[in-house]
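Heads up, the thing below is written out as structure tokens.
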Amino acid sequence: SLPTIASPPRLTTQRCSSITGSVQTGRGHCTASRYPAHDNLFRLPRAQACGLSMMSPMSELSFVAQAAVVLAAIVAGVRTGGVGIGLWGAVGAAILTFGFGLPLGSPPVDALLIIVAVIVTTSTMQAAGGTDWMVYIAARIIARRPRMITVVAPVTSLALAALAGTSNIVFSLLPVIEETARRTGIRPVRALAMSVVATSIALAASPVSAAMAAMITVMEASPTNWSLVQILAITCPTALIGTIIAAVLVDLIHLSLIHI
């Protein structure tokens with residue numbers, strides 16, 4: 001007897017609960033599920049199986065235009081500096097809201113309150129003389145190891161800025177670093193350059209900085225659910241190791257330039 005040949009699947013018109021509109025479907029293609037709750041879990045694969053795009057060409061063009069507005073506002077703010085960063089950010093947000101019709105989000109009240117608490121704490125420490133005491137201790141540490149100032153100064157600046165929560169505290173250390181470097185016979189720029197960079201890196205490893213306050217607000221939300229201790233367990237060792245490696249590389253690059 002001849003073998004039985006299976007007939008091709010019959011195409012029917014059904015409505016996929018995860019895609020708007022009716023599409024032709026068959027076996028192995030997009031079909032309406034008997035379990036509507038499952039359609040939301042597999043929305044993207046079901047749309048791809050039907051050969052439909054989740055984003056129209058107009059939506060893609062709008063997304064590119066919105067990204068261009070965000071980048072332009074960032075570049076303009078950085079070039080302006082100071083208060084201009086916030087002003088250009090407001091201009092970009094206004095264009096996205098009134099020009100592209102994006103909905104307004106809720107104000108970051110938690111982040112603002114944390115930043116206010118950090119500023120009040122730092123100001124209190126400054127008024128109580130805690131900042132001056134930390135600068136005094138840091139200056140003694142730097143002066144005690146003059147031959148290793150190219151590494152000791154950046155690491156000390158990193159720790160000081162992390163404890164104070166601001167990078168502006170480095171201005172109190174710059175005269176000490178310069179004087180110690182000159183007395184030792186080392187070019188001050190070798191220690192000053194990395195010390196300034198280290199204080200900026202320290203903001204990501206400081207539990208009392210405004211940058212960390214904003215990071216906690218973002219990372220504590222779902223799906224990450226990271227605590228402050230978990231964030232510091234990553235940022236603190238990374239900042240320390242990165243600062244030491246960068247200080248050593250700056251020292252080696254300077255030595256290679258002397259022999260040219």
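Computed over heavy atoms, backbone and side chain alike; hydrogens, waters and symmetry mates excluded.
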Donor-acceptor pair, side chain of Ser206 and main chain of Ala162, under 3.5 angstrom:
yes
Shared ILVMFWY cluster between Ile95 and Phe63, side chains joined below 4.5 angstrom?
no
Write down the atom of Glu178, the atom of Leu192, and the distance for their closest heavy-atom approach.
N-CD2, 4.3 Å
N/O donor-acceptor pair under 3.5 Å between Thr156 side chain and Ala138 backbone
no
The reported gap from CD in Gln230 to CG in Asn225 (rounded to nearest 0.5 angstrom) is 9.0 Å
Ile141-Ile244 co-clustered via ILVMFWY side chain contacts under 4.5 Å:
no
In terms of heavy-atom contacts, Ala139 and Val176 come closest through CB-CG1, 3.8 Å
Report yes if the side chains of Ile186 and Thr150 come closer than 4.5 Å at any heavy-atom pair, otherwise no.
yes
So how far is it from Leu160 CG to Thr166 OG1, rounded to the nearest 0.5 Å?
10.0 Å
Heavy atoms, side chains only, cut-off 4.5 Å: are Leu232 and Met212 in contact?
yes
With a 4.5 Å cut-off on side-chain heavy-atom distances among I, L, V, M, F, W and Y, is there a chain of contacts connecting Val75 to Val69?
no
May I ask whether Leu102 and Val91 are part of the same hydrophobic cluster, defined by side-chain heavy atoms of I, L, V, M, F, W, Y residues being less than 4.5 angstrom apart, directly or through others?
yes
What are the two closest non-hydrogen atoms of Ala73 and Gly92, and how far apart are they?
CB-CA, 4.2 Å
Consider only side-chain heavy atoms of I, L, V, M, F, W and Y, link residues closer than 4.5 Å, and tell whether Tyr136 and Val170 are in one cluster.
yes
Can you establish whether the number of heavy atoms outside Met148 located under 6.0 Å from its atom CE is more than 12?
no
When every non-hydrogen atom of Ala246 is compared with those of Met194, the smallest separation belongs to CB-CE, 3.6 Å
Looking at every non-hydrogen atom in both residues, tell me the closest pair between Leu163 and Met134 and how far apart they are.
CB-SD, 3.9 Å
Report yes or no: does Thr199 contribute a side-chain atom to a donor-acceptor pair with the main-chain N or O of Val196 at less than 3.5 Å?
yes
Compare all side-chain heavy atoms of Val70 with those of Gln66 and state whether any distance is below 4.5 angstrom.
no
Euclidean distance, Arg79 CZ relative to Ile85 CD1, rounded to 0.5 Å:
13.0 Å
For the residue pair Ala153 and Ile177, what are the closest heavy atoms and their distance?
CB-CD1, 4.0 Å
Answer yes or no: is there a side-chain heavy-atom contact under 4.5 Å between Thr80 and Leu87?
no
How about Leu240 and Val155: do any of their side-chain heavy atoms sit closer than 4.5 Å?
yes
For the side chain to side chain contact (heavy atoms under 4.5 Å, CB included) test, which of Leu228, Leu203, Ile231 pairs with Met215?
Ile231
Using 0.5 Å steps for rounding, measure from the CD1 atom of Ile201 to the OG atom of Ser157.
11.0 Å
So Val208 and Met125, do their side chains get closer than 4.5 Å, heavy atoms only?
no
